[in-house]
Amino acid sequence: MEKPDTMSSTEAPNTASRPRTARSAKAAKAAKAPPPTKAIEMLDALKAASRDKEIDLERLVSALEEAVATAARKVYKVREITARFDPATGELTAWTPYRIVEQKTKPEVAAPAIDPEDVPIGQVAPPPPTAVDAEKELRLPWIELLPEEVPGLLSGELSGQSWQVVRDPDGAAAPVSHDEAAVGDEIRLFRSTEGLGRIAAQSAKQVLYQKVREAERDNIYNEYAPKVGELITGTVKRFERGDMIVDLGRTEAVIPREHQSRAERYTQGERVRGVLVDVHRNPKGAQVVLSRTAPELLMRLMEMEVPEIYDGTVVIRGCVRQPGDRAKVAVSSRERDVDPVGACVGMRGARVQAITRELRGERIDIIQFSEDVIAYAQNALSPAKITRVSLMSAEDEPAVENEGEGEETMPTLECIVEEDQLSLAIGKRGQNVRLASALVGAKIDIKSEQAVKEQVAQALQRMLLASQRRGTALAEVPGLDAAALEAFAAAGFETVGEVLEADGGDDEDAIARLDGALPDEDAREDALDALRAFESAPAEEEPEDEDGDFLESDEDAEASEEAAEGSEDAGDGNETDETTASEPGDSGPDTENPEK
């Protein structure tokens, strides 16, 4: 290997006649610095670490160079230091670069503050300048040097030290003579890397450890990032604040508390399966996040247990879960001869029972998928038997106050069931209908047959009542003033229905008569409001007496009183006869045994 063209104090220009002083003696001692450090043992250690941790050797070499440069900066108190390690020869070199430039980079200089008294009248003083943060200043990895400053640097600061001029420092870095130095070349002041000291070595160790740790985390991220959504198996290692730490071999995964099922309990050393939901690059904590509550876990388990799902014959079209309690899975088949539900259930339920054991007793409903939302909703509400399902129109759907403007509105399905199927369709705490709604993607409103019949009867009653009230004379309407009543009568209106039909109809003659009856628009609107309120008023409930019977009319009350008096007279006659027949000595019924 060709040695670098270095120069000492005797070779530098304009330094031959300089007297030998204490400084020149120290420089001469530094000029006799040993050649680049031979780090053969370090090279072997890097290769071993690269094999054991599966990290690229170039990345470990880059980490070593950064660590040595950090240690050298602490020793030489110079920020611009670069280190290079040659894996082929095992040479470790460090230097301070001086880059020759045409013009130096100007640092940011804060403008001087302006005295408010110096601001002319009528003008506003500019805001005070902000201080330049030293940490945010532009920092270059080299020291800038103008061409005219090169001779002074070589004869002054670099006198008696080991240095070299190279061309194309970022590329081939070919050494050239100092007389040929031009703009773009670099002067390298070599620094010894031996005996940097304990503190510098500790700093280098920390930097090297950090770089290796970053490389390991990058490898883990690159390995597990493509596996998001897949099933991962590991061993429970420990518990930290409710989170479960799982050992995966090369790394550790975490199952957070919110991703754990409340029906499951694991102990240390027990094997656990989870679906991979996230992989991050955070410097602290586990990078791999598993879940036991995600629907993807059930889908991956079904792929393992059902060969038809694995080969694509049966397709999972939807899956919803309430972890630890119940789950619903919608499946369909790509072949007519294959029953998707039977394939997932298995012989005597063997396949679905294996999945249930893995999920610690979670009930699984496997249903047939259908493109028809009505049939799909009936299947989703199983095991309840649905009488009929209807899609509610937008006018009949209840308004939701908190619904966002940009969100898509979900359709509403009205499901009618028998009275004995109502609790089964709703499920425990609404579990069945909630899962079915999430699976179908629609709001489900469940009603019983009896409730629907009552609603229909009430609607018919309201229609009948409204029809009756439309035939009511205007004089019987409460709240209608006398002036409006006389005006309507003069215009030929006699009933409530005639006025309301004229207001909402297309008969021009009736509209003209209504407008002519009450020219004042406010008075006309008040009268119409009173008529509308009378038409839409609810029916008055008849009061009940203490015994629960409705109060009777006057005629019914008189008839009931006469009937009561007649019954009392008949009762008095019976009592007289019985008394006469029971007197002693008279013939009468046998009273020895009254029970006969």
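It should be emphasised that the depicted structure is a prediction, and the values quoted were computed from it without experimental measurement.
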Examine distances only and state if a side-chain atom of [X] and a backbone atom of [Y] form a donor-acceptor pair shorter than 3.5 Å.
X	Y	value
Ser62	Glu58	no
Ser448	Leu422	no
Glu65	Phe85	yes
Ser437	Ala442	yes
Arg326	Pro323	no
Arg434	Gly430	yes
Arg300	Val275	no
Gln287	Arg281	no
Lys104	Leu145	no
Asn379	Ala375	yes

Open item on the list: For Val288 and Leu248: C-alpha separation, side-chain torsions, deciding distance, then whether side chain to side chain contact (heavy atoms under 4.5 Å, CB included) applies.
Closed with: CA-CA 10 Å; Val288 182; Leu248 302 181; 4.2 Å; yes
- [ ] Would you sort out whether Ile366 and Val331 count as a side chain to side chain contact (heavy atoms under 4.5 Å, CB included), showing the intermediate values?
- [x] CA-CA 7 Å; Ile366 301 175; Val331 294; 3.9 Å; yes
Does [X] reach the side chain of [Y], with side-chain heavy atoms less than 4.5 Å apart?
X	Y	result
Val78	Arg73	no
Asp278	Val228	no
Leu231	Glu296	no
Tyr266	Arg360	yes

Open item on the list: Any carboxylate oxygen within less than 4.0 angstrom of a Lys/Arg side-chain nitrogen, looking at Glu362 and Arg357?
Closed with: no
Task: Lys/Arg-Asp/Glu bridge criterion (N-O < 4.0 Å) met for Glu371, Arg317 - done: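 Looking at Arg317 together with Glu371, the answer is yes, because their closest N to O distance falls below 4.0 Å.
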[X] and [Y]: which non-hydrogen atoms are nearest, and at how many Å?
X	Y	result
Lys447	Glu414	NZ-OE2, 3.0 Å
Leu381	Ala436	CD2-CB, 3.7 Å
Val389	Cys415	CG2-SG, 3.8 Å
Phe369	Tyr376	CD1-CZ, 3.5 Å

TODO: With sequence neighbours left out, write down each residue that passes side-chain hydrogen bond (donor to acceptor under 3.5 Å, both in side chains) with Asn282, or none if nothing qualifies.
DONE: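 By the side-chain hydrogen bond (donor to acceptor under 3.5 Å, both in side chains) rule, Asn282 matches His280.
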Within a reach of under 6.0 Å around [atom1] of [X], are more than 12 heavy atoms found that belong to other residues, nucleotides or ligands?
X	atom1	value
Arg334	CZ	no
Phe239	CZ	yes
Lys227	NZ	yes

TODO: Output, in order, the C-alpha distance, side-chain angles, deciding distance and verdict of salt bridge (Lys or Arg N to Asp or Glu O under 4.0 Å) for Arg59 and Glu214.
DONE: CA-CA 10 Å; Arg59 188 157 188 173; Glu214 290 178 359; 5.1 Å; no
Task: Partner of Val289 under side-chain contact (heavy atoms from CB on, under 4.5 Å), chosen from Ile255, Val254, Asp243 - done: Val254
Task: Verdict with reasoning, Asp325 to Arg262, per salt bridge (Lys or Arg N to Asp or Glu O under 4.0 Å) - done: CA-CA 9 Å; Asp325 293 333; Arg262 61 183 181 86; 2.5 Å; yes
Open item on the list: Could you go through Leu276 and Glu230, starting from their C-alpha distance and side-chain angles, then the distance that decides it, and tell me whether this counts as side chain to side chain contact (heavy atoms under 4.5 Å, CB included)?
Closed with: CA-CA 6 Å; Leu276 182 61; Glu230 296 184 6; 5.6 Å; no
TODO: Would you sort out whether Arg292 and Glu358 count as a salt bridge (Lys or Arg N to Asp or Glu O under 4.0 Å), showing the intermediate values?
DONE: CA-CA 11 Å; Arg292 290 282 301 178; Glu358 173 65 27; 3.2 Å; yes
Task: Partners passing ring pair (Phe, Tyr, Trp, His ring centres under 6.0 Å) against Tyr224 (at least two apart in sequence or in another chain) - done: none
Open item on the list: Go through it in stages, so that I can follow the logic: the residues are Thr233 and Arg271, the test is side-chain hydrogen bond (donor to acceptor under 3.5 Å, both in side chains), and I'd like the CA-CA distance, side-chain angles, deciding distance and then a yes or no.
Closed with: CA-CA 7 Å; Thr233 304; Arg271 294 182 63 82; 4.8 Å; no
Open item on the list: side chain to side chain contact (heavy atoms under 4.5 Å, CB included) for Ile55 and Asn219? Distances and angles first, verdict last.
Closed with: CA-CA 8 Å; Ile55 301 176; Asn219 289 345; 3.6 Å; yes
